[in-house]
Protein chains: 2
Amino acid sequence: MARNADQNQRMRDESRRKILSSSLKLFATKGLGATKITDIVEESGISQGLLYHYFRSKEEIFVELIRHALQGMNAAARALEKLPLTPTEKIARAITELLRAMSENDDFARYFLLVAQANFSEAIPEEARAIIKEESDEPHEVMARIMRSGQQDGSIKKHRAEDLALVFWVLMKGFALHKAARGAEFTLPDTRILIDFFKNGEK
Amino acid sequence: MARNADQNQRMRDESRRKILSSSLKLFATKGLGATKITDIVEESGISQGLLYHYFRSKEEIFVELIRHALQGMNAAARALEKLPLTPTEKIARAITELLRAMSENDDFARYFLLVAQANFSEAIPEEARAIIKEESDEPHEVMARIMRSGQQDGSIKKHRAEDLALVFWVLMKGFALHKAARGAEFTLPDTRILIDFFKNGEK
DNA sequence: GTCTATATCCAGATAGAC
DNA sequence: GTCTATCTGGATATAGAC
């Protein structure tokens with residue numbers, strides 16, 4: 001009895017997982033509006049009926065993906081802030097880890113792109129918009145705090161910390177776009193170019 | 001007779017212009033797939049029949065917008081390269097002009113965003129893909145040449161010129177996304193932050 | 001839990017009148 | 001040159017069988 005319930009749970013999880021990962025891939029590359037339910041069904045190899053057994057609509061899948069992406073990003077940002085590193089080291093870590101994840105981990109790149117699109121698109125579900133409004137400030141704030149503490153110890157350039165954090169995230173979003181456009185031929189630039197950008201040049 | 005022909009021409013131009021500008025706005029904010037013909041018709045205040053009198057399909061409108069955007073960007077890049085300025089001045093000019101245009105000129109920002117999306121989306125017409133393949137390398141190449149000549153006179157940092165050009169355009173794309181996400185509350189960072197990025201710090 | 005078959009609706013595109 | 005009315009196809013979502 002318990003074993004059957006376990007197996008069922010695993011089957012349910014597996015089906016949901018397949019739907020979500022196929023949707024992520026399609027939403028990131030084609031956009032929510034251009035992705036058809038039949039595309040998702042085809043990509044994940046399940047039937048249309050089963051998809052609707054797990055999700056009420058395409059939009060609900062989208063919302064779940066957005067929620068997962070933002071919560072993961074926020075958790076990562078908080079974890080970074082707590083690491084026992086200097087501000088400069090934290091920034092270097094963030095840059096190298098984000099770019100590495102983007103180029104090596106397809107799902108990570110897709111999540112990043114999904115959020116970037118959702119941030120500007122007017123064609124997303126209301127609930128997704130609410131989650132974004134609620135959850136998308138933290139990475140920027142964390143980075144601004146790191147920049148500020150780096151300025152206090154003299155290791156980071158003396159510009160408005162908010163501007164530096166903005167440039168940081170603008171760079172990351174830009175790279176996400178670029179990687180999506182180039183796919184396999186995406187080559188990372190020397191990350192030291194980017195790290196030096198934020199470092200104070202005064203010796 | 002000639003007057004009537006003239007008037008007709010003007011009416012045609014005006015209708016086409018309205019269709020294109022409405023489509024640009026919608027494609028940039030919602031994406032091609034999520035934009036319905038009825039949206040375009042509503043936004044531009046013309047009838048659906050008239051739209052199909054001027055364009056065969058939604059895709060044809062999209063292709064025309066992409067072509068116009070890329071040709072304009074390439075012309076601007078070539079013009080920049082020919083200006084009687086030092087490499088550093090050209091880079092400074094490019095950054096300030098692009099960011100200014102992005103924040104002040106709605107259509108410019110929309111074109112930029114449209115191209116950025118088209119560059120990674122897999123849900124665009126084949127013809128648009130061909131135009132992008134054909135026309136989208138020039139800005140990068142121009143910027144790489146400017147970076148290289150700046151390195152020769154010692155004013156630009158000594159990294160691979162291609163990497164610097166890549167970072168330049170990644171920044172611009174990132175700002176286009178950011179502006180689209182924030183809309184009216186988009187505030188430019190101090191552009192000197194960005195310009196200094198490329199300058200050689202050695203004195 | 002999963003599938004096939006089907007109903008409903010709406011977007012894209014056309015025809016023809018003015 | 002512009003509009004209204006209409007056709008057609010395909011996409012979303014549901015029903016019901018296994």
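Hydrogens, waters and symmetry mates play no part in the numbers below; they use all other heavy atoms, side chains included. Reminder, nothing fancy here: chain letters follow the sequence lines and each chain counts from 1.
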Can B:Lys157 and A:Asp196 be counted as an ion pair, charged N to O under 4.0 angstrom? no
Rounded to the nearest angstrom, tell me the gap between atom CG in B:Asn8 and atom C1' in D:dG1. 7 Å
Does a side-chain N-to-carboxylate-O contact under 4.0 Å join A:Glu126 and A:Arg129? yes
Quick one: sort the A:Trp169 and A:Phe112 rings into parallel, tilted or perpendicular, breaks at 30° and 60°. parallel
Give DNA chain C the dot-bracket treatment, 5' to 3': Watson-Crick (N1-N3 with N6-O4 or O6-N4) or G-U (N1-O2, O6-N3) under 3.5 Å, [ ] crossing, | other strand. |||||||||||.||||||
By the 4.0 Å heavy-atom rule, please label B:Phe55 as base, sugar-phosphate, or nothing. nothing
So, taking the atom named OG in B:Ser23 and the one named CD in B:Glu60, what distance separates them when rounded to the nearest 0.5 Å? 11.5 Å
Looking at CG of B:Asp163 and CZ of A:Arg192, how far apart are the two atoms once the value is rounded to the nearest 0.5 Å? 10.5 Å
What residues in residues 15-26 of chain A put a non-hydrogen atom under 4.0 Å from any atom of DNA chain C? A:Ser15
Of the options D:dT2, C:dC3, C:dG1, whose atoms approach the side-chain atoms of A:Ile46 most closely? C:dC3
Taking only Lys NZ, Arg NE, NH1 and NH2, and the carboxylate oxygens of Asp or Glu, determine whether B:Asp107 and B:Arg110 approach each other closer than 4.0 Å. yes
Cationic N near anionic O, under 4.0 Å, B:Arg148 to B:Glu162: yes
NZ/NE/NH1/NH2 to OD/OE distance under 4.0 Å, A:Arg93 and A:Glu97: no
Can you tell me how the ring of A:Phe175 sits relative to the ring of A:His178, calling it parallel under 30°, perpendicular over 60° and tilted otherwise? perpendicular
Atom CG of A:Leu50 and atom P of D:dA15 are separated, to the nearest Å, by 17 Å
Go through A:Glu14 and A:Arg17 one step at a time and tell me if the salt bridge (Lys or Arg N to Asp or Glu O under 4.0 Å) criterion holds. CA-CA 5 Å; A:Glu14 177 60 11; A:Arg17 196 199 56 74; 3.1 Å; yes
With the sugar-phosphate defined as primed atoms, P, OP1 and OP2, and the base as all remaining atoms, what B/S/- string results for nucleotides 11-18 of chain C, 5' to 3', for protein heavy atoms under 4.0 Å? SBBB----
